[in-house]
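Report on the following structure.
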Amino acid sequence: MNKRPWGILFLTGLLVLSLSACGGGGGSASSETGSASEPPEEPAVSAIAPVEPEPEPVYPYAHPLTGEGMDTDISGKRPIAVMFNNLKKALPQVGVSNADVLYEMVAEGGITRIMGLYQDLEGVGDLGSIRSARDYYVNLALGHDAIYIHAGGSPQAYDAFDSWGVTHIDFVNGPYDKMYWRDPERRKSAGLEHSLLTSSELILEQMPSRFRLDHEEGFAVPWTFSKEVPEGGEEVIRLTVPFSTYKTGYFTYDASQSQYLINQSLDGSDPIPYVDGATEERAAVRNVLVLYTDVSRVKGDDKGRMSVRTTGEGEGLLLRDGRLFEITWQRDKRTDCLTFLDKTGHPVPLAIGRSYINIVGTSADVTWE
């Protein structure tokens, strides 16, 4: 049978006795034996749990014109539509950067008007300069069930007010002289007609009590919004929108802000930033839309006023998140909002945020790169 040699066992015993004798008088034999035979304990390592990202807040309501989350429901309020001047000598406009939606179309002589749409005027501040109405802007405002603010208007616009029953505030032919003022500097540099300003405070304080301030039951803006970019599309950094020989718009994507910065060329000048005179900052939007339609001169109008079709359907473009999508627009009647559809006929989602809607003739040479 296999045995372990006794000599080795004897030497091992001597070695154990020798180690015990060298221990000194500080600690017990058992503790010293343990410290000799067991490795020293490793220092405790503190495990730091990974920092969890803060969950995005969940809001009970959404802004009907921008899709932004809100704590209160403002979708039942009638928005305010404001008619802005866009003549070169009357710039800068004031209050445009706070508009939820900006609509732009051509007027007589190739100049354009811009209509700002505000779901809630609270805290917006000064607005202007306010200019005259055109019937196609009145038409679009009616589709939003908006209260329309202007200073005078074309004969076609006044016909529309009367026949369509549009709620409007006229600073030229109405009893609203306490709701606006004439800016002396603008009056000196641009003339009387380009000097009219108002403010959100004046409008909200002096809104006529006879006006209906809430939508009637069943009204809803049919626009959809999403954070996710739709599939497809084309990567585009810059869009150029010529309205006429007088006005061209430029929209350049700023990826750091996920917004489109706006420039415009007026009367053949080099492009200049579209600046809000209240903040001195360039206006920017999340969505840029181009809607193609029929644009023509009004027959027999000695001022060269224009007719713009805003109902029916047509082709269009949507820019969001640095990508361009071909869309179609549709609007069955003037009391409807515009709807934006993809190639399959389904609603195309806008990016969450403000929008700029350019409405141009079918032959407009819109380009992108």
Side-chain angles (χ1 to χ4, degrees), residues 63 65-70 74 77 79-104 111-131 146 149-151 171 179-190 194-205 238-239 241 247-266 269-289 319-320 350-358:
H63 192 294
L65 298 177
T66 67
E68 295 167 314
M70 304 197 73
I74 63 171
K77 299 174 64 172
I80 306 297
V82 180
M83 199 76 253
F84 288 105
N85 193 354
N86 198 38
L87 201 62
K88 183 178 180 181
K89 68 178 180 179
L91 297 179
Q93 298 162 359
V94 178
V96 289
S97 64
N98 287 320
D100 300 314
V101 183
L102 292 168
Y103 284 97
E104 184 171 14
I111 65 172
T112 61
R113 295 268 194 272
I114 294 175
M115 184 175 76
L117 197 63
Y118 303 81
Q119 183 65 30
D120 187 358
L121 270 184
E122 192 70 44
V124 168
D126 292 351
L127 297 161
S129 62
I130 310 300
R131 285 296 281 135
I149 294 178
H150 62 105
F171 290 149
M179 292 180 72
Y180 68 86
W181 71 93
R182 297 280 182 179
D183 180 75
E185 290 301 320
R186 287 176 180 263
R187 185 169 182 170
K188 185 187 302 183
S189 62
H194 306 302
S195 65
L196 196 153
L197 299 178
T198 185
S199 71
S200 58
E201 291 81 9
L202 285 177
I203 294 169
L204 293 175
E205 287 171 5
R238 191 183 191 202
L239 180 78
V241 183
K247 162 65 195 272
T248 300
Y250 302 90
F251 301 87
T252 303
Y253 186 60
D254 183 344
S256 66
Q257 302 181 51
S258 298
Q259 294 201 93
Y260 291 89
L261 304 179
I262 307 168
N263 283 11
Q264 60 177 349
S265 172
L266 299 172
S269 65
D270 291 334
I272 57 175
Y274 184 50
V275 173
D276 189 324
T279 62
E280 298 185 355
E281 296 179 355
R282 185 186 299 189
V285 294
R286 289 295 313 277
N287 302 285
V288 179
L289 295 104
L319 269 78
R320 56 162 293 179
L350 305 177
I352 295 174
R354 297 183 170 98
S355 298
Y356 200 112
I357 301 177
N358 306 270

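FYI, the numbering just counts along the sequence from 1.
The side-chain heavy atoms of Thr279 and Ser97, taken from C-beta on, include a pair separated by under 4.5 Å. The closest side-chain heavy-atom distance from Asn85 to Gln93 is not below 4.5 Å. You'll find the side chain of Gln259 stays beyond 4.5 Å of the side chain of Val285, heavy atoms only. At a threshold of 4.5 Å between non-hydrogen side-chain atoms, the residues Leu289 and Leu350 count as touching. Between Asp126 and Leu197, the closest side-chain pair of non-hydrogen atoms is not below 4.5 Å. Tyr253 places none of its side-chain heavy atoms less than 4.5 Å from the side chain of Leu319. Looking only at side-chain heavy atoms (C-beta outward), Glu205 and Met179 stay at 4.5 Å or farther from each other. Taking 4.5 Å as the limit, some side-chain heavy atom of Asn86 sits within range of a side-chain heavy atom of Gln264.
For Asn263, the side-chain contact (heavy atoms from CB on, under 4.5 Å) partners at least two apart in sequence or on another chain are Tyr250, Pro271, Pro273, Arg282. Residues forming a side-chain contact (heavy atoms from CB on, under 4.5 Å) with Gln119 (at least two apart in sequence, or on another chain): His63, Pro64, Leu65, Ile74, Lys77, Pro79, Asp100.
If you take CZ on Phe171 and OG1 on Thr198, they are separated by 4.0 Å, rounding to the nearest 0.5 Å. Taken from CZ in Arg354 to CG in Leu117, the straight-line distance is 12.0 Å, to the nearest 0.5 Å. Annotation: the span from Arg320 atom CZ to Arg286 atom CZ amounts to 7.0 Å, rounded to 0.5 Å. From Ser195, atom OG reaches atom CH2 of Trp181 across 11.5 Å, with rounding to the nearest 0.5 Å. Distance CD1/Ile203 to OH/Tyr180: 13.0 Å, rounded to 0.5 Å. Taken from CD1 in Ile80 to CG in Asp120, the straight-line distance is 9.5 Å, to the nearest 0.5 Å.
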**OP:** Please step through side chain to side chain contact (heavy atoms under 4.5 Å, CB included) for the pair Tyr260 and Thr252, ending with a clear verdict.
**Re:** CA-CA 5 Å; Tyr260 291 89; Thr252 303; over 6 Å; no
**OP:** Tell me, with the steps shown, if Asn358 and Val288 meet side chain to side chain contact (heavy atoms under 4.5 Å, CB included).
**Re:** CA-CA 8 Å; Asn358 306 270; Val288 179; 3.7 Å; yes
**OP:** Test His194 against Arg131 for side chain to side chain contact (heavy atoms under 4.5 Å, CB included), laying out the working first.
**Re:** CA-CA 7 Å; His194 306 302; Arg131 285 296 281 135; 3.8 Å; yes
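Here the side chain of Ser199 pairs no donor or acceptor atom with the backbone of Gly125 at under 3.5 angstrom. Side-chain N or O atoms of Arg186 include one that pairs as donor or acceptor with a backbone N or O of Ala90 at under 3.5 Å. Formation of a donor-acceptor pair under 3.5 Å by the Asp276 side chain with backbone atoms of Val96 is found in this model.
Shortest non-hydrogen contact noted between Gly353 and Asn287 is O-ND2, 3.8 Å. For Ala99 against Gly116, the heavy-atom pair with the smallest separation is CB-CA, 4.1 Å. Between Leu127 and Ile130 the shortest heavy-atom distance is O-CD1, 3.9 Å. Heavy-atom minimum distance, Leu266 versus Ser269: O-OG, 2.8 Å. A pairwise comparison of heavy atoms in Ala146 and Ala81 identifies CB-CB, 4.0 Å as the closest pair.
The number of heavy atoms from other shown groups lying within 6.0 Å of CZ (Arg187) does not exceed 12. More than 12 heavy atoms of other shown residues, nucleotides or ligands fall within 6.0 angstrom of atom CD in Gln257.
Between Tyr274 and Tyr356, the angle of the ring planes goes over 60°, which puts this pair in the perpendicular group of the 30/60° scheme.
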